[in-house]
Amino acid sequence: MIGCRLVRSNKNKDILQGIIVETEAYSQEDEACHGFNKRTNSNEVLFGEPGNYYVYQSYGIHHCLNVVTHKINFASGVLIRSVFIKNEDERISSGPGLITKKFLINKSFNGLKSYDNLYLKILKRDIKVSKEDLLQTTRIGISKATDLKWRWYLKSSRSISKREKGDKNPKKFFLDQFVSKPQ
DNA sequence: AATATGATGTAA
DNA sequence: TACATCATATTT
């Protein structure tokens, strides 16, 4: 999903867009996943149709946006951790709770289709992202399954919630040209 | 580096 | 009831 475009619209009018630059994966076989224990009302969507949005409330304060993956009846998803927005302060959308704040995403999107939604779309990459462009590392803010390297981010992006030691924050704003590209 | 914040699920 | 959580802003 890294390199794909997150677009917030109001019916036909796009109001905000950015490139996804950081994600984490979760699976029901990993202890940090909301679907690890049981299937409940709140995690039901995670067991549902791949491609749907899964939005949960974190620490009672923030909303976090995921896309359900893999297959029905198996809880798994990708958490969108950071988005690059052109001409915006990089801190404004570097973190899962900050993205939803900026893109006005709440639980009303929970369970909705990501591929058929008038208000929140994820569009195909128009930049090439190869394995060498990504840094794969451990996930953030969890206490279980901390060894799994299921977090990825685009090395060349300056808007990341947390960088690995030695990975310099790039000064080149190479994504700028793509973020404003009309669809 | 520590703490306040506070919805919701899970354990006690 | 009590505690932990896929986080962030503010204070120390």
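Order of the sequence lines sets the chain letters (A, B, ...), proteins ahead of strands, with each chain counted from 1. This structure is a prediction, so every number in the text was calculated from the model and none was measured.
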Nearest whole Å is fine: how far is [N] [atom2] from [X] [atom1]?
X	N	atom1	atom2	answer
A:Gln28	C:dC6	CD	P	16 Å
A:Asp147	C:dC6	CG	P	15 Å
A:Glu31	B:dT10	CD	C1'	14 Å
A:Asp30	C:dC6	CG	P	10 Å
A:Leu148	C:dC6	CG	C1'	13 Å
A:Ile61	C:dC6	CD1	C1'	14 Å
A:Lys144	C:dT5	NZ	P	6 Å
A:Ile105	C:dA7	CD1	C1'	16 Å

Exercise. Looking for any heavy atom pair under 4.0 Å, which part of the strands does A:Ser161 touch: base, sugar-phosphate only, or nothing?
Worked result: nothing

Exercise. Within the structure shown, what part of the strands sits under 4.0 Å from A:Gln57 by heavy-atom distance: base, sugar-phosphate, or nothing?
Worked result: sugar-phosphate

Exercise. Under 4.0 Å: is that the gap between some side-chain N or O of A:Ser58 and OP1 or OP2 of C:dT8?
Worked result: no

Exercise. So, does A:Gln17 use its side chain to make a donor-acceptor pair with the main chain of A:Val7 at under 3.5 Å?
Worked result: no

Are [Y] and [X] linked, directly or through intermediate hydrophobic residues, by side-chain heavy-atom contacts shorter than 4.5 Å (ILVMFWY only)?
X	Y	answer
A:Leu98	A:Leu65	no
A:Ile92	A:Phe84	no
A:Val67	A:Leu46	no

Exercise. So what's B:dA11 paired with, Watson-Crick or G-U wobble, going by both distances under 3.5 Å?
Worked result: C:dT1

Seminar exercise, completed: Applying the 3.5 Å cut-off to both distances, the Watson-Crick or G-U partner of C:dC6 turns out to be none

Exercise. Is it true that A:Arg139 and A:Asp30 make a salt bridge, defined as a side-chain N closer than 4.0 Å to a carboxylate O?
Worked result: yes

Seminar exercise, completed: Per the under-4.0 Å heavy-atom filter, residues of residues 68-104 of chain A near DNA chain B come out as none

Counting only heavy atoms from other residues, nucleotides and ligands, does the tally under 6.0 Å from [atom1] of [X] exceed 12?
X	atom1	result
A:Asn41	CG	no
A:Lys162	NZ	no
A:Lys107	NZ	yes

Exercise. Do you know the tightest heavy-atom contact between A:Ile72 and A:Pro50?
Worked result: CG1-CD, 4.0 Å

Seminar exercise, completed: Per nearest nucleotide of DNA chain B, the residue lying toward the 5' end, A:His62 or A:Lys107, is A:His62

For this session: Examine A:His34 together with A:Tyr56 and report whether their ring centres are nearer than 6.0 Å.
Result: yes

Problem set entry | C:dC6 to B:dA1 separation - C1' atoms, rounded to the nearest Å | 22 Å

For this session: Tell me whether A:Tyr26 is stacked on the nucleobase of C:dC6, counting only the six-membered base ring and applying the 5.5 Å and 30° thresholds.
Result: yes

Exercise. Which residues in residues 32-45 of chain A have at least one heavy atom lying under 4.0 Å from any atom of DNA chain C?
Worked result: A:Ala32, A:Cys33, A:His34

